[in-house]
Amino acid sequence: MLTGLASACTAAKPPEAALTADEALVLRMINQERQGRELAPLELDPVLIKVAREHSQDMAERGYFDHLAPAPAPTTPLDRYAAAIGRKPREVVGENIGRSGEPVMAMIHESMMQSPEHKANIVDVEYSRVGVGIYAMADGRVWVTEMFRGASPSDAPTSGG
């Protein structure tokens, strides 16, 4: 009966339940950084999760570590997002990538926070949505991709009369 109870609890969890435990931890660390700066937390985006997971897996399996994927895959983060939504996006997209020889998410997050470019994505006020994708190899090595999106400048509300 404990198994049935656990399944019922899992089904009742918020959208974060779609994430693995490590992905959920990374999301919490990202939103803690934002909360510490009085910024709104990022909301999960299922498309960004999918794109992030696919990029982490692609990097691991094809043996590269870069925002730009080698052909034939969509090369840039924006290309990958556009392929996932089936159109040219109106949204602004950002990406952080990390990897480690061991699955220590706090260490990977701290490394990202030490990088000005990665930190800028995490605390960017323009971003409102996030997807985290982690791919782990059997030997313990992990690849982490964080995808961010927000409204493009052309989608921003304008004042007018």
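Looking at Ser56, its side chain does come within 3.5 Å of a backbone N or O of Gly133 through a donor-acceptor pair. In terms of modelled atom types and a separation under 3.5 Å, the side chain of Glu23 and the main chain of Thr20 share a donor-acceptor contact. A donor-acceptor contact shorter than 3.5 Å links the side chain of Arg80 to the backbone of Thr75.
Under the side chain to side chain donor-acceptor pair (under 3.5 Å) rule, Tyr135 has a single partner from Arg99, Arg141, Glu61, which is Glu61.
Note that CD of Glu91 is 8.5 Å distant from CG of Asp45, once rounded to the nearest 0.5 Å. The distance from atom CG of Leu27 to atom CG of Asp22, rounded to the nearest 0.5 Å, is 12.5 Å. The CG atom of Asp66 sits 11.5 Å away from the OG1 atom of Thr76 when rounded to the nearest 0.5 Å. Residue Met147 holds its CE atom at 10.5 Å from CZ of Arg149, rounded to the nearest 0.5 Å. Here the CD1-CG distance, from Ile122 to Leu39, works out to 12.0 Å after rounding to the nearest 0.5 Å. One distance of note links CG of Leu44 with CG of Leu19; it measures 5.0 Å at 0.5 Å rounding.
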Practice prompt. Might you work through the side-chain contact (heavy atoms from CB on, under 4.5 Å) test for Glu146 and Ile30, ending with a clear yes or no?
Written response: CA-CA 10 Å; Glu146 301 169 348; Ile30 288 170; 3.7 Å; yes
Worksheet item: Would Glu33 and His109 satisfy side chain to side chain donor-acceptor pair (under 3.5 Å), going step by step from the backbone distance to the final call?
Response: CA-CA 10 Å; Glu33 295 291 347; His109 177 73; 3.2 Å; yes
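Summarising the local packing, CD of Gln35 is surrounded by 12 or fewer heavy atoms from other residues, nucleotides or ligands at distances under 6.0 Å.
Counting only heavy atoms from C-beta outward, the side chains of Thr145 and Glu95 approach each other to under 4.5 Å. Here the side chains of Ile108 and Val104 are not in contact, with every heavy-atom distance at 4.5 Å or above.
Nearest heavy atoms, Ser115 versus His118: OG-ND1, 2.7 Å. Of all the heavy atoms in Val92 and Ala151, the pair that sits closest is CG2-O, 3.6 Å.
Both Phe148 and Val125 belong to a common hydrophobic cluster when Ile, Leu, Val, Met, Phe, Trp and Tyr are linked at side-chain heavy-atom distances under 4.5 angstrom.
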